Amino acid sequence: MSRPELQAPPEFYYGDTEAKKYTTNTRNQQIQADMTYRALELLNIPSSQPVFLLDIGCGSGLSGEILDEEGYVWAGVDIAPSMLQVALEREVDGDLFLQDIGQGFGFRPGSFDGAISISVLQWLLNAETSHPTSSPPYRLNRFFTTLYSALRNPSRAVFQFYPSSDDQIQLITSIAQKAGFGGGVVVDYPNSKKAKKVFLCLFVGSGGGQQLPKGLEGEEDDHVRFERRREKEKRRDRTGKRKGVKDKAWILKKKELYRQRGKEGVPRDSKYTGRKRKSIF
């Protein structure tokens, strides 16, 4: 029996040049940033606790960069080697894995405190071969079943995606629920053709009385988008690289999470933790 072809988004076929062009496009950067911020809002993680997030379809690290700036520890998976290479060149802080999410995950149970995914989930609905493991229901089932296992209880997973029909939304939601998830679909700006966004907000467990968030109404506020962009630009130097955002509190938070995960060789805390060296020039 021949091995089924991977069902990959167009980015999988990008070369290094195309991947870099995609990443440096300012419109792509803004759209990705806006949707990542919104996904984090729906994830609703208390700021007082260190968390380890999974970025599904992380690509070149545009969403991961937001996770870095917000102080999260994260790992990312993507099917496109060229996009992951760009993420490495951009020095994102997350651990990166080459992975076809339609074949499921191999992470230990309860590894992650939450997951986000931007503009990826719809690609699991493609079936380019007649092989049984290439069918959308099979791939969705493998994806949601193994993701459910990889998330701790309680937690959330938020997916922004582009369904082409209500039937697709129903298929995705029903398979997620069969895998054990609670939750459902959240639609922002449902009456706007331009600003409408669809999110799948899933729950693991019922701790804390998790309730499905409400979608945003009316028209998207351009002022809010401008403020997000301006705040992001403040965090960059003149060369366009991210400024250092790792203060002492952030470093202590990350080290504590590493210890909880059983990572060896984590440096001890001291009065020098996070202290910047004085320049001699």
Side-chain angles (χ1 to χ4, degrees), residues 32-59 62-78 94-95 97 99 101 104-105 107-122 124 140-163 169-189 197-216 253-254 256-257 260-261:
Q32 193 84 358
D34 289 339
M35 293 190 295
T36 302
Y37 281 122
R38 178 56 175 153
L40 289 174
E41 290 176 2
L42 294 172
L43 209 56
N44 193 33
I45 294 177
S47 58
S48 59
Q49 65 184 55
V51 294
F52 185 37
L53 299 182
L54 178 63
D55 185 359
I56 302 169
C58 62
L62 292 178
S63 52
E65 185 177 76
I66 303 298
L67 299 181
D68 288 343
E69 293 173 350
E70 295 297 313
Y72 295 107
V73 180
W74 61 279
V77 296
D78 201 275
D95 296 325
F97 298 87
Q99 174 81 52
I101 62 175
F105 300 106
F107 298 113
R108 290 183 300 178
S111 294
F112 299 97
D113 300 296
I116 66 166
S117 179
I118 307 299
S119 308
V120 172
L121 191 57
Q122 68 273 3
L124 290 177
L140 286 167
N141 182 64
R142 285 289 300 165
F143 171 73
F144 283 122
T145 301
T146 54
L147 176 63
Y148 185 88
S149 175
L151 294 171
R152 70 170 178 83
N153 184 355
S155 62
R156 290 188 183 188
V158 176
F159 309 83
Q160 180 276 323
F161 69 112
Y162 295 103
I169 294 177
Q170 177 60 33
L171 175 64
I172 290 173
T173 304
S174 63
I175 293 179
Q177 291 174 343
K178 288 179 181 178
F181 285 103
V185 174
V186 176
V187 181
D188 285 351
Y189 313 112
K197 293 292 184 297
V198 179
F199 294 85
L200 182 63
C201 187
L202 300 178
F203 307 147
V204 176
S206 57
Q210 299 196 73
Q211 296 182 349
L212 190 65
K214 293 183 179 180
L216 303 178
K253 185 176 179 181
K254 187 169 184 177
E256 178 60 26
L257 180 60
Q260 292 177 4
R261 291 167 56 196

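All figures in this text were calculated on a predicted structure; none of them were measured in a lab. Along the sequence shown, the residues carry numbers beginning at 1.
- Put simply, the side chain of P50 does not reach to within 4.5 Å of the side chain of F52, judged on heavy atoms.
- Between V204 and F181, the closest side-chain pair of non-hydrogen atoms falls below 4.5 Å.
- When side chains are defined from C-beta on, F105 counts as touching I56, because their heavy atoms get closer than 4.5 Å.
- Taking CD of E65 as the reference point, atom SG of C58 lies at 13.0 Å (rounded to 0.5 Å).
- Remark: D188 CG to E41 CD distance equals 8.5 Å, nearest 0.5 Å.
- In this structure, CG on L67 lies 10.0 Å from CG on L54, to the nearest 0.5 angstrom.
- Using a 4.5 Å cut-off on side-chain heavy atoms (C-beta onward), L53 and L40 make contact.
- Contact annotation: the side chain of S119 approaches that of Y162 to within less than 4.5 Å [non-hydrogen atoms, C-beta and beyond].
- Every ring pair (Phe, Tyr, Trp, His ring centres under 6.0 Å) that F97 has, sequence neighbours left out, goes to F107.
- Across all non-hydrogen atoms, the minimal contact from Q211 to F203 is O-CZ, 3.4 Å.
- F159 and F144 have perpendicular rings, their planes meeting at more than 60° on a 0 to 90° scale where under 30° would count as parallel.
- Aromatic pair F199/F161: centroids not less than 6.0 angstrom apart.
- To the nearest 0.5 Å, atoms CG (L202) and CG (L42) are separated by 11.5 Å.
- Within the structure, no pair that satisfies the salt bridge (charged side-chain N to carboxylate O under 4.0 Å, His left out) test touches residues 172-185, not counting sequence neighbours.
- No side-chain heavy atom of I172 sits under 4.5 Å from any side-chain heavy atom of P163.
- The two residues L147 and A157 make their nearest non-hydrogen contact at CD2-CB, 4.4 Å.
- Taking each heavy atom of P213 and V186 in turn, the nearest pair found is O-CG2, 3.5 Å.
- S155 and L151 get closest at one heavy-atom pair: OG-CB, 3.4 Å.
- Smallest separation of non-hydrogen atoms from P154 and Q210: CB-NE2, 3.9 Å.
- For T146 (side chain) and F143 (main-chain N/O), a donor-acceptor pair under 3.5 Å exists by modelled atom type.
- With values rounded to the nearest 0.5 angstrom, R38 atom CZ is found 11.5 Å from I118 atom CD1.
- Test D68, D113, D55 against W74 for side chain to side chain donor-acceptor pair (under 3.5 Å) and you get one pass: D68.
- When side chains are defined from C-beta on, L200 does not count as touching I169, because their heavy atoms never get closer than 4.5 Å.
- Between S63 and Q160, the closest side-chain pair of non-hydrogen atoms is not below 4.5 Å.
- When atom types are taken as modelled, the side chain of Q99 and the backbone of G57 share no donor-acceptor pair closer than 3.5 angstrom.
- Note that OG1 of T36 and CD1 of I66 are 6.0 Å apart. Values are rounded to the nearest 0.5 Å.
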